[in-house]
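Structure, as C-alpha cells:
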Number of protein chains: 2
Amino acid sequence: MRLSTKGRYAVTAMLDLALNGVKGPVTLAEISENQGISLSYLEQLFAALRSKELVRGVRGPGGGYYLGKSADDISIANIICAVDEWVEFTRCGGRQNCSRGSRCLTHSLWDDLSAEIFDFLANISLGDLVRRGAKEAESKPPALNVVANGEDSRAA
Amino acid sequence: MRLSTKGRYAVTAMLDLALNGVKGPVTLAEISENQGISLSYLEQLFAALRSKELVRGVRGPGGGYYLGKSADDISIANIICAVDEWVEFTRCGGRQNCSRGSRCLTHSLWDDLSAEIFDFLANISLGDLVRRGAKEAESKPPALNVVANGEDSRAA
DNA sequence: TAATTTCCGAGTAAATTACTTGGTAATGAG
DNA sequence: CTCATTACCAAGTAATTTACTCGGAAATTA
C-alpha cells in the first residue's frame with residue numbers, strides 16, 4: 001500500500017464529491033475551490049478515477065462528476081490504488097534467488113504487513129466516512145467545527 | 001499518515017535488524033546486502049531512526065546497530081514517522097477561514113481517517129511481525145518460502 | 001597502528017508531484 | 001443555432017522528494 005499526498009488529494013476530492021454530489025453533479029471547479037487543488041491536477045486525478053469507474057463525468061453546462069457507484073461500494077483503497085497505482089516493493093516476489101535465509105522472511109513479512117494495511121483501507125468506504133460526518137454535524141454546532149486531534153502525540 | 005517507499009525501506013531495514021540482531025549488532029553493510037538498499041541511503045535512514053532512539057549505533061570493528069528498545073515497544077508508525085516526518089495535509093487545521101460548509105467537514109473527515117490509519121500502524125509492533133515470522137518459519141519448509149498474495153485482487 | 005564501522009555533509013540523477021498552457025468534444029441554456 | 005460551460009486530453013515544467021555517490025571525520029577494536 002502506498003499513501004502519498006497524491007492519494008490524499010484523491011480521497012479528499014472523492015469525499016467532497018460524496019458530500020456535495022447528493023443533488024446533481026459536482027464540477028471540478030467547485031472541488032478545486034473547496035479543497036484548494038489546481039483544476040488541471042484534479043483533471044488528471046479524475047481521469048484515473050474515471051478509468052477505474054469510481055466517478056462518472058457529464059459534459060456541458062450543468063455537468064460535472066457523479067460517483068461511479070454507491071459510496072458504500074467505494075473503498076479508500078480503491079481510490080488510492082486508482083491514482084497511485086500499486087508498485088511491487090520487494091523485487092523477489094517469492095520466486096527469485098531470494099528464497100533462503102532471513103532476507104526473504106523480511107520481504108515476506110513486509111508483504112504480509114502491506115496486505116494488512118491494504119485490507120484495512122479496503123474495509124473503509126466513502127459511505128462510512130460520509131455517515132461519520134453526518135453524525136459529527138448533528139452532534140456539534142456547525143460553526144464550532146473544530147478538528148480535535150493531538151498532532152504532537154503521534155510524532156513521538 | 002504517509003506511507004512512501006522511503007518508509008518501506010525503513011520498516012524493511014528495521015525488520016531485518018530485529019530478525020538478525022538477536023546476537024550482537026548488525027552492520028549497515030549487511031542490511032544493505034540483504035535488502036538491496038545502498039549503504040549511504042541506509043545511513044541517512046538510520047540517522048533519522050537514531051535521532052528518535054529507535055536504533056543504537058556502536059562504532060568500530062564488530063560494531064553495528066542494535067534496536068534502541070524492545071521490538072515490542074517499536075511500532076510501524078514509529079518507524080515511518082521517524083523517516084517520513086509527519087506533514088499536516090489540510091492547511092486549515094480547524095482554525096482558519098475554512099470552518100463553514102462542507103469544506104472543513106471534508107478536511108475533518110480526512111483528519112479522522114488519517115488518525116485512524118496512524119492508530120492502526122501504531123498498534124503493530126516489530127515484535128508482532130517477528131513472532132509472525134517465527135510461526136511461518138516453523139509451519140513451512142524453509143525452501144518453499146512462497147509469498148502467497150493475490151496481487152491482482154487488490155488492483156480492482 | 002590499522003582496519004572497521006558509525007557518523008556527517010555536500011552534491012546529484014531520476015522520479016514524482018503539482019501545476020500551467022492550450023487546446024478539442026460534448027451538451028445544455030438562450 | 002449559437003454560445004457558454006463543462007469534461008476531456010496532451011505536452012511541458014518548476015519544485016520537491018527519492019535514492020544514491022563521494023569524500024571524508026570520529027570512535028573503537030584487533
Side-chain angles (χ1 to χ4, degrees), chain A residues 2-13 17 20-21 24-33 35-68 80 82-91, chain B residues 2-13 17 20-21 24-33 35-68 80 82-91:
Chain A
R2 176 135 168 263
L3 184 47
S4 63
T5 52
K6 193 177 180 184
R8 292 177 199 222
Y9 276 123
V11 172
T12 302
L17 183 52
N20 295 323
V26 181
T27 67
L28 290 189
E30 290 174 70
I31 298 178
S32 171
E33 164 73 18
Q35 305 302 331
I37 312 170
S38 93
L39 181 59
S40 41
Y41 195 42
L42 276 175
E43 284 178 350
Q44 282 180 39
L45 297 177
F46 273 70
L49 293 169
R50 199 168 52 84
S51 78
K52 294 281 167 53
E53 292 178 326
L54 298 179
V55 297
R56 188 164 43 87
V58 176
R59 297 208 243 194
Y65 278 96
Y66 290 99
L67 290 182
I80 291 172
V83 300
D84 249 347
E85 73 208 52
W86 188 278
V87 280
E88 196 63 32
F89 182 60
T90 54
R91 294 78 162 164
Chain B
R2 176 136 167 261
L3 185 47
S4 63
T5 50
K6 194 177 179 183
R8 292 177 199 220
Y9 276 123
V11 172
T12 302
L17 183 52
N20 295 324
V26 181
T27 67
L28 291 188
E30 290 174 72
I31 298 177
S32 171
E33 164 71 19
Q35 305 302 331
I37 311 170
S38 92
L39 181 58
S40 41
Y41 194 43
L42 276 175
E43 284 178 351
Q44 283 180 37
L45 297 177
F46 273 71
L49 294 169
R50 199 167 52 85
S51 77
K52 295 282 166 53
E53 292 179 326
L54 298 179
V55 297
R56 187 165 43 87
V58 175
R59 298 207 244 196
Y65 279 96
Y66 290 98
L67 290 182
I80 291 172
V83 300
D84 250 346
E85 76 209 50
W86 188 278
V87 279
E88 197 61 32
F89 181 59
T90 54
R91 295 80 163 164

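By convention in this document, chain letters (A, B, ...) are assigned in the order of the sequence lines, proteins followed by strands, and residues within each chain are numbered from 1.
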### Message
Please pick, from C/dA26, C/dC7, D/dA19, the nucleotide with the shortest atom-to-atom distance to any side-chain atom of A/R59.
### Response
C/dA26
### Query
Looking at the side chain of B/P61, which of C/dC7, C/dC19, C/dT4 is the nearest nucleotide?
C/dT4
## Note on the structure
Scanning both residues in full, the closest heavy-atom pair of A/Y66 with A/G24 reads CE2-C, 3.8 Å
#### Entry: Nearest heavy atoms of A/L17 and A/Y65, plus distance in Å
CD1-O, 3.2 Å
### Summary
The answer to which of A/G62 and A/A47 contacts DNA chain D further toward the 5' end, by nearest nucleotide, is A/G62
### Query
DNA chain D: A/R50 or A/G63, which has the more 5' nearest nucleotide?
A/G63
### CD/A/E43: more than 12 non-hydrogen atoms of other groups inside 6.0 Å
yes
Taking atom [atom2] of [N] as reference, at what distance in whole Å does atom [atom1] of [X] sit?
X     : N      : atom1 : atom2 : value
A/E43 : C/dA25 : CD    : P     : 16 Å
A/D84 : D/dT17 : CG    : C1'   : 14 Å
A/Q44 : C/dT21 : CD    : P     : 15 Å
A/Y41 : D/dC9  : OH    : P     : 18 Å
A/K6  : C/dA15 : NZ    : P     : 15 Å
B/L39 : D/dG23 : CG    : C1'   : 13 Å
B/L42 : D/dT18 : CG    : P     : 15 Å
A/L3  : C/dT17 : CG    : P     : 12 Å

Measuring to OP1 and OP2 of [N], would you say a side-chain N or O of [X] lies under 4.0 angstrom away?
X     : N      : result
B/T5  : D/dA19 : yes
A/R2  : C/dT17 : yes
B/S4  : D/dT17 : no
B/T27 : C/dT4  : no

### Task
With heavy atoms under 4.0 Å as the rule, sort B/L28 into base, sugar-phosphate or nothing.
sugar-phosphate
#### Entry: Test item: A/S32 side-chain N/O and A/L28 main-chain N/O as donor-acceptor pair under 3.5 Å
no
### Query
Are side-chain heavy atoms of A/F46 and A/I31 found at a separation under 4.5 Å?
yes
